[in-house]
Amino acid sequence: MPFTIATWNINSVRLRIGLVEHFLRTHAPDVLCLQETKCPNELFPREAFEALGYGHVAIHGQKGYHGVATISKLPFEDIVRQDFCAIGDARHLSVRLKAGDTPIRIHNLYVPAGGDEPDPDINVKFRHKLDFLEEMRAMRAGGEEGVSAILVGDLNIAPFEEDVWSHKQLLKVVSHTPVETDGLLRVIEEGGWDDLVRRAIPRPQKLYTWWSYRSKDWTAGDRGRRLDHIWASPDLGGKLVSASVLREARSWERPSDHVPVMAAIDL
DNA sequence: ATGGTAGTGTGACTA
């Protein structure tokens, strides 16, 4: 049995707990990493996960905004919440667990969206995003001796031309500007990460994980972006069985604007 | 060029 992991920006875990339950019943990953839970820790719906066999729930939430959670069938050996940019946002959570005999550090990240104007001098949100990216450079796939690593989350950047519906039309749109895409690719390269989803579904195939709410019909023109990612240390990359994007979830009732992304690794 | 929708929680913010 391979080890399976999924990441999903759920845009309110309480509002969409029914969709999450449906996803866990039908796909049953060993670990599910959620972003944008928008839920204070004391109100997190732990019981729903426990009832489905996910007895291990690590949360890093705050009221109203952001928030990440890692839901697991396997127990955690360590939990870390990193305060990126030291402003108290709940945007990171990492756990260490053992999958079979393999210790794995799993980082769950929600990178700032960055606002509308891609100029750090006039847009503090974009400045924050670039600062966050800079801080991510310290995240190394080989950071812990003898521990494999996975980094997942809504990274809010579509790094390759084939990760957006129109490279040309999005070059000046936050999420696909050169300073962001170069920055993210540098984090991958310097950190020694392996982009598992692009390993399984290589370019030039187009691939998206997010479609805006601001359109009557999300399928019209298929104007998506690949904002959600699964990276791993090279030892795990070599054992990748499959990776996939659950596109159909965008058509579920009252959907998130992001869909689940999954990977299976043969340990 | 603009505005379009969604969530939290009833304001204005974030995305």
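The sequence lines fix the lettering, A, B, ..., with proteins before strands; numbering per chain opens at 1.
- Ion pairing between R226(A) and D195(A) holds under the 4.0 Å rule for side-chain N and carboxylate O.
- One interatomic measurement links the two molecules: CZ of R91(A) to P of dT14(B), which rounds to 10 Å at whole-angstrom precision.
- Atom NZ of K38(A) is separated from atom P of dT10(B) by 14 Å (rounded to the nearest Å).
- Using a 4.0 Å cut-off on heavy atoms, the residues of residues 212-228 of chain A that approach DNA chain B are Y213(A), R214(A), listed by number.
- Between dA6(B) and R16(A), no contact under 4.0 Å exists linking OP1 or OP2 to a side-chain N or O.
- dG7(B) and dG11(B) have their C1' atoms separated by 13 Å, with the value rounded to a whole Å.
- Taking atom P on both dT2(B) and dA6(B), the two are 23 Å apart, rounded to the nearest angstrom.
- Nucleotides dT10(B) and dT14(B), compared at atom C1', are 16 Å apart to the nearest Å.
- The NE2 atom of H258(A) sits 11 Å away from the C1' atom of dA6(B) (whole-angstrom rounding).
- Among all heavy-atom pairs drawn from S251(A) and W218(A), the shortest one is OG-CZ2, 3.3 Å.
- The distance from atom NZ of K125(A) to atom C1' of dA12(B) is 11 Å, rounded to the nearest whole Å.
- Between H167(A) and H176(A), a ring centre-to-centre spacing shorter than 6.0 Å is recorded.
- Here the nucleotide nearest the side chain of E36(A), chosen from dT8(B), dC13(B), dA15(B), is dA15(B).
- For R14(A), the listed nucleotide lying nearest its side chain is dG9(B); candidates were dG9(B), dA15(B), dG7(B).
- A centroid separation of less than 6.0 Å is found between the aromatic rings of F49(A) and F44(A).
- Relative orientation of the Y110(A) and H66(A) rings is tilted, given thresholds of 30° and 60° on the angle between their planes.
- Residue whose closest nucleotide on DNA chain B sits further toward the 5' end, between P40(A) and H66(A): P40(A).
- Between D116(A) and V13(A), the residue anchored nearer the 5' end of DNA chain B, judged by the nucleotide with its closest heavy atom, is D116(A).
- The only member of T181(A), L184(A), L185(A) that meets side-chain contact (heavy atoms from CB on, under 4.5 Å) when paired with F160(A) is L185(A).
- Classification of K63(A) and E42(A) as a salt-bridged pair fails, no side-chain N sitting under 4.0 Å from a carboxylate O.
- Residue S12(A) places at least one side-chain N or O under 4.0 Å from the OP1 or OP2 atom of dT8(B).
- Atom pair E117(A):CD and dT14(B):P shows a separation of 16 Å (rounding to whole Å applied).
- Atom pair R254(A):CZ and dT5(B):C1' shows a separation of 12 Å (rounding to whole Å applied).
- Protein atom CG of N11(A) is 10 Å distant from nucleotide atom P of dA6(B), rounded to whole Å.
- D78(A) has a carboxylate O that lies under 4.0 Å from a charged side-chain N of R105(A), or vice versa, which qualifies the two as a salt bridge.
- One atom, CG of D154(A), and another, P of dA15(B), lie 10 Å apart when rounded to the nearest Å.
- Comparing dA15(B) with dG4(B), their C1' atoms sit 14 Å apart, to the nearest whole Å.
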